[in-house]
Amino acid sequence: TPVPPFDLVIFGAGGDLALRKLFPALAQRNREGVLPEESRVLAVVRKEEDVEGLPRQIAQRLREEGIPADQVETFLRRLTMVLLDALKPETYTSLKKALGESERVRSFYLSTPPDLFIPICENLAKAQILTPTSRVILEKPLGRDLASARQINDAVARILPESRTYRIDHYLGKETVQNLLVLRFANTLFERSWSSRDIDHVQITVAETVGLESRAGYYDKAGHMRDMVQNHLMQLLTLFAIEPPNMLEAGAVRDEKIKVLKALRPIVGPDVQRYTVRGQYGPGQIDGQRVRGYAEELGHASNTETFVSIRCELDSWRWAGVPIYLRTGKRMAQRYSEIVVTFKPVPHSIFGNGTCDRLDANRLFIRLQPNDGVQLQLMMKVPGSGRLKIVPRQLDLRYSTAFDERTPDAYERLLTDVIRGDQTLFMHRDEVEQAWAWVDPIIAGWQDYTPHPHRYAAGSWGPSQAIGLIERDGRSWADPD
Ligand code: BG6
C-alpha cells in the first residue's frame with residue numbers, strides 16, 4: 001500500500017548509515033511503488049562538492065544493491081540536494097526554500113551524532129520549518145548516558161511532542177524481531193510455558209565479524225556497550241520478556257516494554273565484575289584471513305570494549321530466577337544473532353541407561369541472522385527395532401523456505417512506518433532513559449573494577465571470561481555448528 005505523499009529530509013546524508021541503509025531502503029520502497037510520485041527526499045550536505053558528488057555516490061551504492069539502472073534514475077529524480085550547516089541557523093533558509101509551501105508531511109531524519117540533535121531541532125524551529133504534523137527521527141545511540149539522553153529528550157520535547165518523535169532502533173524493524181510478538185501472542189503453544197515455571201535460562205547473542213570499519217571516531221568513544229547493548233540487545237531482551245499488551249498499538253506495546261526494563265535487576269559496584277565481561281579483540285583469523293587487532297586498526301592503544309557479556313535477571317513474577325545471558329561483539333567467529341530459550345529438563349526420565357547420554361532440554365532458537373527463522377529442538381527416537389535410542393533433532397522453520405516474499409531490510413519497514421505515523425516499532429523516551437539507567441552503573445563499574453578489557457582473538461567467541469560467566473552456573477553457550 002502506498003504511503004501518503006511526504007517530504008523526508010535526511011541530515012547526515014553523506015554519512016555511512018545514509019549511504020549503506022537509508023537510500024537503498026528508500027529506493028527499494030520506491031521501486032515497489034510504495035512512495036507516491038509527488039514525494040521527495042531532501043539530502044542535507046555541508047560541503048559544496050557533495051551537492052554534485054553525493055548523488056553519484058548514491059547511484060553507485062544503489063547499483064551495488066542490485067537496483068536496476070532505470071529505477072536508480074527514477075529514485076534520483078526524487079532527490080533534492082540541500083546545502084546547509086546544521087550548526088548555523090542562517091543556512092536553514094536553503095532548506096526552507098527547498099521545502100516551499102508544500103502541505104506534505106515533513107519528516108526530519110537526524111542521521112548525525114547525538115550532539116547535533118538539539119541544535120538541529122532548535123534551528124528547524126527557529127527557521128519555522130516545522131509544521132504541526134512534522135516528525136523527527138533520532139538515530140541511536142541517543143546520548144552517551146542517562147544525563148545526556150534526558151537533556152536531548154527534554155530539549156526535543158520543547159519543540160515536538162512525543163507523538164511526533166521517532167527514536168529508531170533498527171533491530172525493531174527486523175522481521176524476526178517483529179515475529180517475536182507473533183510467535184508468543186499468536187500461538188498458544190509457547191505462551192503457556194513462557195516463564196520461570198518452564199524456562200531454565202535464555203541466551204541472547206549478537207555476534208558480528210566486522211571490526212572497526214570506517215567508524216573509529218565514533219566507535220572508540222562510544223564502545224560496544226553504548227553502540228549495541230544499550231539499544232539493540234536491550235530491545236531484544238524486552239520483546240522477549242514482555243507481558244502481553246492488550247493490543248498491537250504503540251502505547252500498549254511501549255508501556256509493557258518499559259515495565260520489563262524497570263524490572264531489570266541493577267548491576268552495581270563489585271557485582272559489575274561478577275556479572276559482566278568486557279573484551280577487546282586482538283589479531284586473529286576470520287574465514288581463513290588474518291585480521292588485525294582493534295588497537296592496530298585504530299592506530300593506538302585503547303581501553304574501549306568491542307565485546308560485552310552480561311548475566312542479568314528480571315525481578316518480576318514471571319521471570320524470577322531465570323538468568324538471561326547477553327553476549328555481543330565485533331570480530332567474532334561468525335555473523336550470528338540468535339535468542340536461545342532453554343526449557344527445563346523433564347522432571348523424571350523413564351528411559352534407562354544406554355538409550356541416550358542424557359535427555360537434552362528442549363530448546364527454541366529464534367534466529368535473527370543469517371538464515372532467519374525458528375528452530376525447536378526436541379528429543380526423538382532413532383528409527384529401528386533394536387534397543388531404544390534417543391537423540392536431539394530440530395524442527396526447522398526458515399523464512400527463506402517458508403515464505404516466497406522477500407525479507408525487507410529493517411529500515412524499509414521503519415521509514416515507511418514514520419511516514420504512516422505508526423510509532424509501535426520506535427522507542428519511547430522512557431524506554432531509552434530506563435535502558436541508560438541500567439547501563440550507566442555498569443560502565444561506571446568497569447572504570448573501577450575492570451579498566452582494561454579482556455583480550456580475545458579475532459575469530460573467536462570472545463574472551464574466556466565470557467565462557468566462565470555461563471559455565472559458572474553449570475550451563476554453556478549455544479554456539480552454532
Ligand atoms: C549498528 C551499530 O547499530 O548496528 C553497528 O552501530 C553494528 O556497530 C550494526 O555493526 C549491526 O546491525 P546489523 O543489522 O548488521 O546486525
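Each ligand, and each atom within it, is numbered from 1 in the order the structure gives. Just so you know, residue 1 is the first one in the sequence shown, and it goes up from there. Treat the numbers as computed from the prediction; the structure is a model and nothing was measured.
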So, is [X] polar-close to ligand 1, with some N/O to N/O distance under 3.5 Å?
X	result
Gln369	yes
Lys21	no
His170	yes
Arg215	yes

Below 4.0 angstrom from a heavy atom of [X], which ligand 1 atoms are there? Numbered from 1 as shown, please.
X	answer
His232	1 (C), 3 (O), 4 (O)
Lys140	1 (C), 2 (C), 3 (O), 6 (O)
Lys174	13 (P), 14 (O), 16 (O)
Lys330	5 (C), 7 (C), 8 (O), 10 (O)

Record the part of Tyr219 in heavy-atom contact with ligand 1 below 4.0 Å; permitted values are side chain, backbone, both and neither.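 Near ligand 1, Tyr219 shows nothing, with every heavy atom at 4.0 Å or more.
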Return the orientation label for the Phe190 and Trp194 ring planes: parallel under 30°, perpendicular over 60°, tilted otherwise.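 Ring orientation, 0 to 90° scale: perpendicular.
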Indicate whether any N or O donor in one side chain lies under 3.5 Å from an N or O acceptor in the other, for [X] and [Y].
X	Y	result
Ser148	Trp436	no
Thr342	Asp200	no
Tyr281	Glu297	yes
Thr176	Tyr399	no

Could you tell me if any non-hydrogen atom of Arg335 lies under 4.0 Å from any atom of ligand 1?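 Yes, Arg335 has a heavy atom closer than 4.0 Å to ligand 1.
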Determine, using heavy atoms of Asp227 and all atoms of ligand 1, whether some pair is separated by less than 4.0 Å.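 True for this residue.
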Under 6.0 Å from the CZ atom of Arg46, do we count more than 12 heavy atoms belonging to anything else shown?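 12 or below, so no.
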Looking at Glu49, I'd like to know if its CD atom is crowded, meaning that more than 12 non-hydrogen atoms belonging to other residues, nucleotides or ligands lie closer than 6.0 Å.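 Yes, CD of Glu49 has more than 12 neighbouring heavy atoms, counting only those of other groups under 6.0 Å.
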Considering only the protein, which heavy-atom contact is closest to atom 16 (O) of ligand 1, and what is its distance?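 The answer is Tyr171 OH, 2.5 Å.
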Identify, for atom 10 (O) of ligand 1, the protein heavy atom at the shortest distance, and state residue, atom and that distance.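 Heavy-atom neighbour on the protein nearest atom 10 (O) of ligand 1: Glu208 OE2, 2.4 Å.
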Run the salt-bridge test on Lys140 and Asp227 with the 4.0 Å N-O cut-off and return the result as yes or no.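 Here Lys140 pairs with Asp227 in a salt bridge, since their nearest N and O are under 4.0 Å apart.
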Ionic contact status for Asp287 with Arg335, cut-off 4.0 Å: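 Judged by the 4.0 Å cut-off on N to carboxylate O distance, Arg335 and Asp287 do not form a salt bridge.
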